[in-house]
Asks: 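Below you will find the structure I want to go over with you.
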Amino acid sequence: MPDNNPAFSYPLAWSFPEYPKHERSVVWFIFALLIGGGLFAFALLSANYLFASIIIFIALIIALQHFRRPLTIDFSITEDGIALAGKQVPWKDIKSFWMIYEPPEIKMLYFTFKGFRPTLKIPLIDQNPLHIREALSPYVEEDLEKENESFSDAVGRMFKL
């Protein structure tokens, strides 16, 4: 951290829900039931039992997620790396970061890692993205080419999945 910048201090820390808890209307459930039921009927008529079981599993996951309260996840940026739910990741293992900040819908921080690890997506909640960028810049490269959220993230947000 630059010594002349009193805007933030390490660690930068915040908490966020494990997944977004969407408010789904009765219309959403009716529509999902029609789509899911149609896909399930198609799978049975075409004797594709694997697809039918996948449809059942997806419906169960959505139902369980709807009735379960998301866990609260703690995240922090320190001088040694990042910490997610108590697990420390050193700077040497992080390849790059980027942010998609289009409030109020999209406020996300992404990390890519060296090796074969999936991209980590962290909701910024009410964090100042300029402070986050200042905290990360001395340690890890920012990927300035990433300007939009992924297609799967956009579809998930649009359909409240």
Side-chain angles (χ1 to χ4, degrees), residues 1-24 28-29 32 35-36 50-51 53-161:
M1 177 178 100
D3 293 333
N4 61 355
N5 188 350
F8 70 92
S9 62
Y10 291 102
L12 283 176
W14 66 94
S15 298
F16 57 90
E18 174 183 23
Y19 55 86
K21 184 76 171 166
H22 297 290
E23 294 299 323
R24 298 174 177 137
W28 186 93
F29 283 103
I35 296 290
L50 177 62
F51 183 53
S53 63
I54 290 171
I55 298 298
I56 290 171
F57 286 132
I58 289 172
L60 286 172
I61 289 169
I62 290 173
L64 290 173
Q65 189 181 46
H66 177 74
F67 292 109
R68 184 178 154 252
R69 187 175 183 168
L71 299 173
T72 299
I73 306 291
D74 296 321
F75 176 78
S76 63
I77 301 170
T78 69
E79 293 169 321
D80 298 324
I82 61 172
L84 179 66
K87 294 183 181 176
Q88 189 75 21
V89 180
W91 293 120
K92 67 180 180 66
D93 293 345
I94 301 172
K95 182 178 177 182
S96 65
F97 80 94
W98 72 95
M99 286 185 274
I100 309 290
Y101 194 77
E102 298 172 9
E105 293 89 18
I106 308 167
K107 297 189 279 186
M108 288 291 175
L109 170 63
Y110 297 87
F111 290 97
T112 55
F113 299 95
K114 296 173 183 169
F116 297 106
R117 291 177 65 181
T119 299
L120 176 62
K121 181 172 97 171
I122 306 292
L124 289 175
I125 310 295
D126 292 325
Q127 297 297 311
N128 184 332
L130 298 176
H131 294 169
I132 304 299
R133 180 174 281 124
E134 285 181 55
L136 293 172
S137 293
Y139 303 105
V140 68
E141 181 182 338
E142 182 174 7
D143 188 344
L144 297 172
E145 293 182 12
K146 308 255 180 157
E147 295 179 351
N148 299 313
E149 67 181 333
S150 69
F151 179 73
S152 61
D153 287 347
V155 168
R157 189 173 42 80
M158 187 170 63
F159 291 117
K160 298 182 179 181
L161 298 174

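Keep in mind that the numbers below use all heavy atoms, side chains included, and drop hydrogens, waters and symmetry copies.
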Asks: With a 3.5 Å cut-off and no angle check, do the side chains of Ser76 and Thr78 form a donor-acceptor pair?
Replies: no
Asks: Kindly give the heavy-atom pair with the smallest separation between Ile94 and Val89, and that separation in Å.
Replies: CG1-CG1, 3.9 Å
Asks: Can you tell me how far CG of Leu144 sits from CE of Met99, rounded to the nearest 0.5 angstrom?
Replies: 10.0 Å
Asks: Between atom CG of Leu109 and atom CD1 of Ile77, what is the distance when rounded to the nearest 0.5 Å?
Replies: 6.0 Å
Asks: When rounded to the nearest 0.5 angstrom, what distance separates NE2 in His131 from CG in Leu12?
Replies: 8.5 Å
Asks: Are more than 12 heavy atoms from other residues, nucleotides or ligands located less than 6.0 Å from atom CZ of Phe159?
Replies: no
Asks: Between Phe113, Phe97, Tyr139, which is the residue that forms a ring pair (Phe, Tyr, Trp, His ring centres under 6.0 Å) with Trp91?
Replies: Tyr139
Asks: Do the rings of Phe75 and Phe111 sit parallel, tilted or perpendicular, given the 30° and 60° boundaries?
Replies: tilted
Asks: Please collect all salt bridge (Lys or Arg N to Asp or Glu O under 4.0 Å) contacts where either partner lies in residues 103-118, sequence neighbours excluded, each pair once.
Replies: Lys107-Asp126
Asks: Which heavy-atom pair separates Tyr19 from Arg68 by the least distance, and what is that distance?
Replies: OH-O, 3.0 Å
Asks: Look at atom NZ of Lys21 and say whether more than 12 heavy atoms of other residues, nucleotides or ligands are closer to it than 6.0 Å.
Replies: yes
Asks: Going from NZ on Lys95 to OG1 on Thr119, what distance comes out if it is rounded to the nearest 0.5 angstrom?
Replies: 9.5 Å
